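I'd like to ask some things about the structure below.
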There are 2 protein chains.
Amino acid sequence: MALLRTREAVVQRFRVVLSQYGLTEQQWRILRALEGREGLEISLLAEQCQIQLPSMTGILKRMESRGLTRRKANHADGRSILIALTVESKALVERIKPQIVEVYAEIERILGRRKLEQLYALLEELENGLGTASEPC
Amino acid sequence: MALLRTREAVVQRFRVVLSQYGLTEQQWRILRALEGREGLEISLLAEQCQIQLPSMTGILKRMESRGLTRRKANHADGRSILIALTVESKALVERIKPQIVEVYAEIERILGRRKLEQLYALLEELENGLGTASEPC
DNA sequence: CCGAGATAGTTAATATGTTAAGTAAAACTG
DNA sequence: CAGTTTTACTTAACATATTAACTATCTCGG
């Protein structure tokens with residue numbers, strides 16, 4: 001519950017920025033993950049953005065219809081598809097990024113750098129502990 | 001993202017238990033919040049469970065149809081409705097609780113009590129900082 | 001080269017999340 | 001006390017999450 005509440009509070013800050021551009025947090029995560037790359041497979045994109053594959057299908061469909069992403073064939077593997085930014089979405093990312101950076105800065109102001117790093121470390125430790133333990137199947 | 005990933009890892013542990021009983025995490029949060037009380041208003045329930053009111057409508061509808069919760073009129077205020085457990089759901093909570101307690105114990109084993117308390121403190125500090133700051137409307 | 005099994009994505013069905021708008025009962029105000 | 005505002009919920013519309021099943025490729029051992 002503590003994780004849930006805190007994450008909600010954090011995400012809310014991002015949402016007030018992103019909703020001005022009609023973007024959801026998930027869509028923003030995808031844009032950021034694609035930034036600076038020429039094309040990323042959907043499964044890798046999903047993994048980096050912590051979005052499940054079935055959700056990706058719908059999200060990408062909406063993003064493509066808005067011209068935020070485009071598909072490129074992956075000649076090396078006919079199963080997978082490469083997703084990339086468009087000219088417009090590259091510009092959009094550049095426009096939004098400063099405001100997002102400001103939100104991160106606000107978070108760092110609230111906790112201070114040391115506590116923030118401490119928090120990251122604790123979260124990672126817990127995640128790793130849960131990820132490995134008691135799944136010996 | 002760190003918050004998201006860690007929360008996902010934690011929730012996953014609860015889900016493997018709850019799904020055996022056909023419960024979602026949200027439904028479990030509601031059951032726990034109602035435990036030991038004679039009736040709670042939907043808005044208070046929503047607040048305690050970190051679930052928005054529109055979601056509550058649907059969740060409660062499903063839970064009621066399964067006999068997990070029941071509605072009682074609030075004679076003090078005709079607008080609100082009191083939600084309470086049923087005989088069956090009280091028994092269900094008792095049956096599930098031990099397994100959930102075990103998950104919490106696992107989390108504490110992973111981090112240790114001190115780090116866990118540290119984590120709680122950091123999360124709360126961040127949440128409070130975000131909750132108050134820069135909303136001077 | 002072939003067929004079993006592994007991969008990458010999509011589809012489907014159900015449950016929530018998120019915002020905005022609508023409804024009915026209270027509380028407030030002039 | 002009528003009119004306005006607030007409060008507690010519900011409805012509606014759209015976006016995701018979750019799990020399982022399905023399709024098209026790929027990989028590999030034989």
Side-chain angles (χ1 to χ4, degrees), chain A residues 4-5 7-31 39-66 68-69 71-83, chain B residues 4-5 7-31 39-66 68-69 71-83:
Chain A
L4 175 59
R5 275 200 308 270
R7 177 171 142 71
E8 268 317 296
V10 170
V11 163
Q12 189 52 41
R13 276 296 189 289
F14 288 100
R15 253 199 292 265
V16 299
V17 173
L18 296 175
S19 64
Q20 296 170 10
Y21 300 91
L23 293 177
T24 65
E25 339 146 32
Q26 291 85 344
Q27 292 174 348
W28 175 249
R29 293 208 295 270
I30 290 174
L31 291 179
L40 204 51
E41 293 168 22
I42 295 186
S43 49
L44 291 178
L45 193 53
E47 185 187 340
Q48 286 200 18
C49 298
Q50 285 292 117
I51 296 173
Q52 309 237 350
L53 273 173
S55 301
M56 290 297 294
T57 300
I59 297 173
L60 287 177
K61 193 183 302 181
R62 283 180 285 275
M63 292 181 77
E64 282 159 26
S65 72
R66 285 179 54 192
L68 295 174
T69 56
R71 293 178 172 234
K72 304 199 296 186
N74 184 354
H75 302 298
D77 186 337
R79 292 168 299 184
S80 74
I81 298 163
L82 297 177
I83 305 292
Chain B
L4 174 58
R5 274 200 309 270
R7 178 172 142 70
E8 269 317 295
V10 170
V11 163
Q12 189 52 39
R13 277 296 189 290
F14 289 100
R15 254 200 290 265
V16 298
V17 173
L18 295 175
S19 65
Q20 296 171 7
Y21 301 92
L23 293 177
T24 64
E25 340 148 30
Q26 291 85 345
Q27 292 174 348
W28 176 250
R29 294 208 294 270
I30 290 174
L31 291 178
L40 204 52
E41 294 167 23
I42 295 185
S43 49
L44 291 178
L45 192 54
E47 185 187 339
Q48 287 201 18
C49 299
Q50 286 293 114
I51 297 173
Q52 308 238 348
L53 274 174
S55 299
M56 289 297 294
T57 300
I59 297 173
L60 288 177
K61 193 183 301 178
R62 283 180 285 274
M63 292 180 78
E64 282 158 26
S65 72
R66 286 180 51 191
L68 295 173
T69 56
R71 294 178 171 234
K72 305 197 298 186
N74 184 354
H75 302 299
D77 187 337
R79 290 169 298 185
S80 74
I81 298 163
L82 297 177
I83 305 293

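Atoms considered below: every heavy atom in the structure, side chains included; atoms not considered: hydrogens, waters and symmetry mates. Remember, it's a predicted structure, so these values are computed and weren't measured experimentally. Numbers restart at 1 for each chain; the letters A, B, ... are given by sequence-line order, proteins then strands.
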Practice prompt. For side-chain contact (heavy atoms from CB on, under 4.5 Å), just list the numbers for L4(A) and R29(B), CA-CA rounded to whole Å, side-chain angles, deciding distance to a tenth of an Å, and then say yes or no.
Written response: CA-CA 12 Å; L4(A) 175 59; R29(B) 294 208 294 270; 3.6 Å; yes
What is the nucleic acid contact for E8(B), judged by heavy atoms within less than 4.0 Å: base, sugar-phosphate only, or nothing?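 Sugar-phosphate, no base atom in range.
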Exercise. Rounded to the nearest 0.5 Å, what's the gap from CZ on R62(B) to CG on L23(B)? Could you check?
Key: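 Here the interatomic distance stands at 12.5 Å.
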So what does Q52(A) hit on the nucleic acid, given a heavy-atom distance under 4.0 Å: a base, only sugar-phosphate, or nothing?
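Counting heavy atoms under 4.0 Å across all strands, the contact made by Q52(A) includes a base.
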Picking from dT18(D), dG9(C), dT11(C), the nucleotide nearest the side-chain atoms of S43(A) would be dG9(C)
note: R15(B), atom CZ; dT19(D), atom C1'; distance rounded to Å ~ 10 Å
Winner on side-chain proximity to R79(A), out of dA8(D), dA8(C), dA15(C), is dA8(C)
Over all strands shown, is T24(A) touching base, sugar-phosphate only, or nothing at heavy-atom distances under 4.0 angstrom?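 Answer is sugar-phosphate: T24(A) comes under 4.0 Å of backbone atoms only.
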Point to revise | d(CD, E41(B); P, dA25(C)) in whole Å | key: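 To the nearest whole Å, that distance equals 16 Å.
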When rounded to whole Å, the CG to P distance for the pair L18(B) and dT18(D) reads 13 Å
With the side chain defined as heavy atoms from C-beta on, Q27(A) is closest, among dG17(C), dT16(D), dT19(C), to dT16(D)
Taken to the nearest 0.5 Å, the spacing of C49(A) SG from L31(A) CG works out to 9.0 Å
Practice prompt. Tell me which of S19(A) and L60(A) sits closer to the 5' end of DNA chain C, going by the nucleotide each one is nearest to.
Written response: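 The residue closer to the strand's 5' end, by nearest nucleotide, is L60(A).
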Practice task
Among dT10(C), dT16(D), dT10(D), find the nucleotide with the atom closest to the side chain of I81(A).
Solution key: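 Of the candidates, dT10(C) comes closest.
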Between CG on residue L53(B) and CD on residue E47(B), distance to nearest 0.5 Å: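 The CD atom of E47(B) is 10.0 Å from CG of L53(B), to the nearest 0.5 Å.
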message = How many whole angstroms separate atom CG of L44(A) from atom P of dA8(C)?
response =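 Taking CG of L44(A) and P of dA8(C), I get 8 Å after rounding.
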> Closest nucleotide of DNA chain D for N74(A) versus for E25(B): which of these residues is on the 5' side?
Replying inline: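 Result: E25(B).
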**Asked** Measuring from I30(A):CD1 to I83(A):CD1, what's the distance to the nearest 0.5 Å?
**Response**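 Result: 8.5 Å between the selected atoms.
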To the nearest 0.5 Å, atom CD of Q27(A) lies from atom CZ of R66(A) at 6.0 Å
*Between dG17(C) and S55(B), is there an OP1 or OP2 to side-chain N/O distance shorter than 4.0 Å?*
yes
In whole angstroms, the gap separating P of dG9(C) from CD of E47(A) amounts to 12 Å
Between R7(B) and dA17(D), does any side-chain N or O lie under 4.0 Å from OP1 or OP2?
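Result: no.
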Among the nucleotides dA15(C), dA20(D), dA20(C), whichever has the atom closest to the side chain of P54(B) is dA20(C)
Rounded to whole Å, the CD-P distance (Q50(A) to dT18(D)) equals 10 Å
**Study point:** 5' precedence on DNA chain D between V11(B) and M56(B) (nearest-nucleotide basis)
**Key:**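 Result: M56(B).
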Next on the checklist: Counting the atoms with a prime plus P, OP1 and OP2 as sugar-phosphate, which does S80(A) contact under 4.0 Å by heavy atoms, base, sugar-phosphate, or nothing?
Outcome noted: sugar-phosphate
Requested in this report: Could you work out which one of dT10(D), dA17(D), dG9(C) sits closest to the side chain of I42(B)?
Outcome: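 Of the candidates, dT10(D) comes closest.
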Atom NZ of K61(B) and atom P of dT16(C) are separated, to the nearest Å, by 12 Å
R62(A) atom CZ is separated from dA17(D) atom P, nearest whole Å, by 10 Å
